Peer 1: 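Here it is, the structure, as structure tokens.
Naming: A, B, ... by sequence-line order, numbering from 1 per chain. Any value given below was found using the heavy atoms of this structure, including those in side chains, with hydrogens, waters and symmetry copies removed. As the structure is a computational prediction, the values presented were derived from the model and not from experiment.
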Amino acid sequence: MENIEIADRLNELADLLEIKGANPFRIRAYRNAVRTVGGLTRPLVHMVRDGEDLTELPGIGKDMDSHIRELLATGELEMLAEVTAEVPRELAVLTRLDGVGPKKARKIWKELGITTPEELEVAVEDGRVEALEGFGARSATKILRSIEDLRKQQGRFLRLDARQLLRGLLEHLEEAPELERLEVAGSYRRGKETVGDLDLLALCDGGEDDRQALMDRFTGYSEVDRVEMSGATRGSVVLRSGLPIDLRILGRSDYGAALHYFTGSKEHNVELRKRAQRRGLKVSEYGVFRVPEGTDADRMEPGEGERVAGETEEEVFAAVDLPWIPPALRENRGEIQAAEGGELPELVTVDRIRGDLHMHSTWSDGKASIAEMARACRDRGYEYLAITDHSQDVTIANGLTPERVREQWDEIERVREEVDGIHLFRGCEVDILKDGSLDLPDDVLEGLDIVLVAVHSHMGLSRDAQTERVLAAIRHPLVDILVHPTGRLLNRREPYPIDIEAILEAAGEHEVAVELNANPRRLDLHDRHLFRARELGLPISVATDAHRESQLDFMEPGLEQARRGWVGPDHVLNCRSLDDLTDWLDRRS
DNA sequence: GCCGTTTTCGGCCCGACTGTTTTCAGTCG
């Protein structure tokens, strides 16, 4: 059983316990365990196999340890079965509706006998929901709309799409005379590949009227479909595109604290607040405050007490004796401990990138010629590039036969002479066939400078078969880089079932690099797997898979993802100099 | 249910906004 499945079961248990009305702190303990399990870079099944003590993990105690072991051993969780006997499993879905939490879900179920959104929709329409105590006409319509949203929901927004949808609103807000500074916080600032909503932070040091004017400008933006809420400091709208956006208006003295607070992640914030608490401090979006001797922090009014930090993020971190932590790391995956020990990783930036090792040309399904791609790379200041068109099995992409591969080498030779100032590697993105063999014969592979391998077909194989297939390719002595290792397409296709841990370990053993495919619709590997690849010391190729010159820009979103996996220039294959890279490519000869 | 620089019991992160309420519970981030 995968970590993600274990986390899902524990989370479901937490949902149901919450509806049941269990001790809130017990529920929190389950959520904490879910976070820990979800953030692990190694499979629990291996950790157990290796005899590791799971209770050393944060939030995992005696009970969670035995839950995890039970799930690994049997695939089932007896306690979950017991709870679902009392509380219908489907109720957890209801809590995903806007404005419906565990309490209301319970009430709907107990009083109306309803467990599904479909039944709930009927009950709203015939007025039964409205009549419930604690509900009213407004909550009823809110529930109805939320059921519709749930139905058409296509997942989170790609970061790339969110950026586009946001642009107009930012321009609109920046025209406001009252505005002094505007930042996008939240998961967007942390560089997540998808975002659920966007959090904007506006600095406005003027009076109430100025703030109101700013809020009115926000809710009055032409692309706003509906205003969810609009208060003195916080407003929330949904754009016509369906993208939810929050705006917070802040003063100068608390802007840094708010930027930290709303950048999150929530998990990171919780850790930081606990750390503050141990130092007699209280952290909120308004700043860091000293809790006076003998005072109960809970009884303090928001913003009460001596403010020790708030204007900048650096101050907030410094107040708890930490250096500033880059947003990409703020996921409570050890960044606070690393910061404390002065061991924050150096993160890769675009100026350290020396080349791009995965791209296509008109020889297969690319839109630009080899020379055009080479010039575009040179214009970016790269030292090298690899042309890696598809191999023959990908007929739909006009994949190259062995003959055409050899013909392409002639053209590559010509371009090498024609375009100077950049080194051109001859490569190929070779298909891994169903049985794990490669789509081109060895004598062709031997003539290539760089061999990428990829799965493009038979994605429905069993996990074991898929893993074995890719392992076979990794063991092939002429293979250099495994590209887009899980095959995921964000919001469109889940990763194919594969034992990624086994793949990464084998790649280490056989000195094969793994790719972080920088296409914003792929971003494959996942940040957790990048973290693991880095732990294992694998070279990571951050490559754009560009099919036209403009797509070479994908390097930046790729690096954003790399940083989330704590990847630094030393881990990135294409941060190496041409000489060092060439040495690595010649490593086996 | 977890945890320990107030340690094996008694705590557990913080605040805004909404809707339905007469003083606040629930939800959300």
Peer 1: Say you pick atom C1' in B:dT23 and the same atom in B:dC17; how far apart are they, in whole Å?
Peer 2: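 Per the computed distance, 16 Å lies between those C1' atoms.
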Peer 1: Look at all strands and tell whether A:Ala33 reaches a base, only sugar-phosphate, or nothing, counting heavy atoms closer than 4.0 Å.
Peer 2: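 Here A:Ala33 touches no strand at all.
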Peer 1: On the ring face of A:Phe531, is A:Arg534 found with NZ or CZ under 6.0 Å from the centre and within 45° of the axis?
Peer 2: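 Ring-cation test returns yes.
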Peer 1: When the distance from CZ of A:Arg275 to P of B:dG4 is rounded to whole Å, what number comes out?
Peer 2: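 Computing the A:Arg275:CZ to B:dG4:P distance gives 14 Å.
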Peer 1: Checking base pairs now: Watson-Crick or wobble, both atom distances under 3.5 Å. What partners B:dT8?
Peer 2: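 When the pairing criteria are applied, nothing turns out to pair with B:dT8, so the answer is none.
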Peer 1: Mind running side-chain contact (heavy atoms from CB on, under 4.5 Å) on A:Val542 and A:Val348 for me, showing each step along the way?
Peer 2: CA-CA 10 Å; A:Val542 184; A:Val348 62; 5.7 Å; no
Peer 1: Describe the nucleic acid contact of A:Lys266 in one word from base, sugar-phosphate, nothing, applying a heavy-atom distance below 4.0 Å.
Peer 2: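 A:Lys266: base contact, heavy atoms under 4.0 Å.
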Peer 1: With a cut-off of less than 4.0 Å, is there a side-chain N or O of A:Ser139 near OP1 or OP2 of B:dT20?
Peer 2: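 Checking B:dT20 against A:Ser139, a side-chain N or O does come within under 4.0 Å of OP1 or OP2.
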Peer 1: Rounding to a whole Å, what distance do you find between A:Asn32:CG and B:dG11:P?
Peer 2: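 Distance, rounded to whole Å: 19 Å.
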Peer 1: Roughly how many Å apart are B:dG1 and B:dT5, using the P atom of each and rounding to a whole number?
Peer 2: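 23 Å, rounded to whole Å.
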Peer 1: Give one of base, sugar-phosphate or nothing for A:Glu271, where a contact means two heavy atoms less than 4.0 Å apart.
Peer 2: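 Touches nothing.
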Peer 1: Rounded to whole angstrom, note down the P distance from B:dC3 over to B:dT8.
Peer 2: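 Rounded to whole Å, the distance is 16 Å.
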Peer 1: Please report, rounded to the nearest Å, how far the C1' atom of B:dT27 is from the CE atom of A:Met229.
Peer 2: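 Taking CE of A:Met229 and C1' of B:dT27, I get 9 Å after rounding.
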Peer 1: In whole Å, what separates the P atom of B:dC12 from that of B:dT7?
Peer 2: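 It comes out at 14 Å once rounded to the nearest Å.
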Peer 1: From the list B:dT18, B:dG1, B:dC12, which nucleotide is the closest neighbour of the side chain of A:Gln277?
Peer 2: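 Closest of the options to the side chain of A:Gln277: B:dC12.
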Peer 1: Could you work out the separation of B:dT22 and B:dG29 based on their P atoms and round it to a whole Å?
Peer 2: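 Roughly 26 Å separates the two P atoms.
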Peer 1: Should B:dT7 be called syn or anti, with syn set as within 90° of 0?
Peer 2: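 Base orientation relative to the sugar is syn.
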Peer 1: Before accepting this row, confirm whether a basic side-chain N of the pair A:Arg190/A:Glu267 lies closer than 4.0 Å to the acidic partner's carboxylate O.
Peer 2: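 No.
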Peer 1: Please measure how far the P atom in B:dC14 lies from the corresponding atom in B:dT6, and state the result in whole Å.
Peer 2: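 About 16 Å, rounded to a whole number of Å.
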Peer 1: Can you check the A:Lys62 NZ to B:dC2 P distance for me, whole Å?
Peer 2: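 To the nearest whole Å, that distance equals 8 Å.
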Peer 1: Could you please name the option among B:dG1, B:dC17, B:dG15 that lies closest to any side-chain atom of A:Asp63?
Peer 2: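 Nearest listed nucleotide: B:dG1.
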Peer 1: For nucleotides B:dT21 and B:dT27, find the distance between their C1' atoms and express it as a whole number of Å.
Peer 2: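 Going atom to atom, C1' in each nucleotide, I get 16 Å.
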Peer 1: Using heavy atoms to find the nearest nucleotide of DNA chain B for A:Ser284 and A:Asn23 separately, return the residue whose nucleotide is more 5′.
Peer 2: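 The 5'-side residue here is A:Asn23.
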Peer 1: What's the NZ-C1' distance between A:Lys20 and B:dG1, to the nearest Å?
Peer 2: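 So the NZ-C1' distance, A:Lys20 to B:dG1, works out to 14 Å.
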Peer 1: Classify A:Leu13 by what it touches in the nucleic acid, base, sugar-phosphate, or nothing, heavy-atom distance under 4.0 Å.
Peer 2: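 Result for A:Leu13 = nothing.
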Peer 1: Is the side chain of A:Arg248 donor-acceptor paired with the backbone N or O of A:Leu259 at a distance under 3.5 Å, no angle test?
Peer 2: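 No, because the side chain of A:Arg248 does not come within donor-acceptor range (under 3.5 Å) of the backbone of A:Leu259.
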Peer 1: Would A:Arg189 and A:Val184 count as a side-chain contact (heavy atoms from CB on, under 4.5 Å) here? Give the steps.
Peer 2: CA-CA 6 Å; A:Arg189 181 162 180 247; A:Val184 187; 5.8 Å; no
Peer 1: Return the CG to CZ distance between A:Asp246 and A:Phe218, rounded to the nearest 0.5 Å.
Peer 2: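 So the gap between those two atoms works out to 6.5 Å.
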Peer 1: According to salt bridge (charged side-chain N to carboxylate O under 4.0 Å, His left out), does anything in residues 252-263 of chain A pair up with another residue at least two apart or in another chain? List the pairs.
Peer 2: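 Those involving residues 252-263 of chain A are A:Glu180-A:Arg252, A:Asp205-A:Arg252.
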Peer 1: Could you tell me whether A:Arg26 contacts a base, only the sugar-phosphate backbone, or nothing, with contacts defined as non-hydrogen atoms closer than 4.0 Å?
Peer 2: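 Base contact - A:Arg26 has a heavy atom under 4.0 Å of at least one base atom.
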Peer 1: In whole Å, I'd like the distance from the CG atom of A:Leu57 to the P atom of B:dG1.
Peer 2: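 Distance check: A:Leu57 CG to B:dG1 P gives 18 Å.
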Peer 1: So, are A:Asp199 and A:Arg234 salt-bridged, with charged N and O less than 4.0 Å apart?
Peer 2: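 Salt bridge between A:Asp199 and A:Arg234, a charged N being under 4.0 Å from a carboxylate O: no.
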Peer 1: May I ask you to say what A:Ser230 touches in the nucleic acid, namely base, sugar-phosphate or nothing, with a heavy-atom cut-off under 4.0 Å?
Peer 2: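 If one applies the 4.0 Å heavy-atom cut-off, A:Ser230 turns out to touch the sugar-phosphate alone, with no base involved.
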Peer 1: Under 4.0 Å: is that the gap between some side-chain N or O of A:Arg278 and OP1 or OP2 of B:dT5?
Peer 2: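 Indeed not, no polar side-chain atom of A:Arg278 lies that close.
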Peer 1: Classify A:Thr55 by what it touches in the nucleic acid, base, sugar-phosphate, or nothing, heavy-atom distance under 4.0 Å.
Peer 2: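 The answer is nothing, as A:Thr55 stays clear of every strand by at least 4.0 Å.
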Peer 1: Categorize A:Leu272 for me: base, sugar-phosphate, or nothing, with a 4.0 angstrom heavy-atom threshold over every strand shown.
Peer 2: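 Result for A:Leu272 = nothing.
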Peer 1: So which nucleotide from B:dG1, B:dC17, B:dG15 ends up closest to the side chain of A:Tyr286?
Peer 2: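 So the side chain of A:Tyr286 is nearest to B:dG15.
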Peer 1: Report the distance from atom CD1 of A:Ile27 to atom P of B:dC2, rounded to the nearest whole Å.
Peer 2: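 Value for this atom pair: 14 Å.
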Peer 1: A:His172 vs A:Tyr221 aromatic rings, parallel, tilted or perpendicular, using cut-offs 30° and 60°?
Peer 2: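 Tilted.
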Peer 1: Categorize A:Pro24 for me: base, sugar-phosphate, or nothing, with a 4.0 angstrom heavy-atom threshold over every strand shown.
Peer 2: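 Nothing, no heavy atom under 4.0 Å.
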Peer 1: Select from A:Asp65 and A:Tyr261 the residue whose nearest nucleotide in DNA chain B is closer to the 5' end of that strand.
Peer 2: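 Nearest nucleotide further toward 5': that of A:Asp65.
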Peer 1: Heavy atoms only, 4.0 Å cut-off, all strands: where does A:Leu97 land among base, sugar-phosphate and nothing?
Peer 2: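 The answer is sugar-phosphate, as A:Leu97 gets under 4.0 Å only of primed atoms, P, OP1 or OP2.
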Peer 1: Out of B:dG1, B:dC12, B:dA16, which nucleotide sits closest to the side chain of A:Thr233?
Peer 2: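 The closest nucleotide is B:dA16.
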Peer 1: Check whether any side-chain N or O of A:Lys282 sits under 4.0 Å from OP1 or OP2 of B:dG15, and answer yes or no.
Peer 2: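 For B:dG15, OP1/OP2 do have a side-chain N/O of A:Lys282 under 4.0 Å.
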Peer 1: Along nucleotides 21-26 of chain B, 5' to 3', which nucleotides get a B, which get an S, and which get a -, given that the test is a protein heavy-atom distance under 4.0 Å?
Peer 2: -----S
Peer 1: If you apply the rule side-chain contact (heavy atoms from CB on, under 4.5 Å), what do you find for A:Leu201 with A:Thr263, and how did you get there?
Peer 2: CA-CA 10 Å; A:Leu201 300 189; A:Thr263 295; 5.8 Å; no
Peer 1: So A:Ala137, base contact, sugar-phosphate only, or nothing? Heavy-atom distance under 4.0 Å.
Peer 2: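 The residue A:Ala137 makes sugar-phosphate contact but no base contact.
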Peer 1: What is the distance from CZ of A:Arg145 to C1' of B:dG19, rounded to the nearest Å?
Peer 2: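 Answer to the nearest Å: 14 Å.
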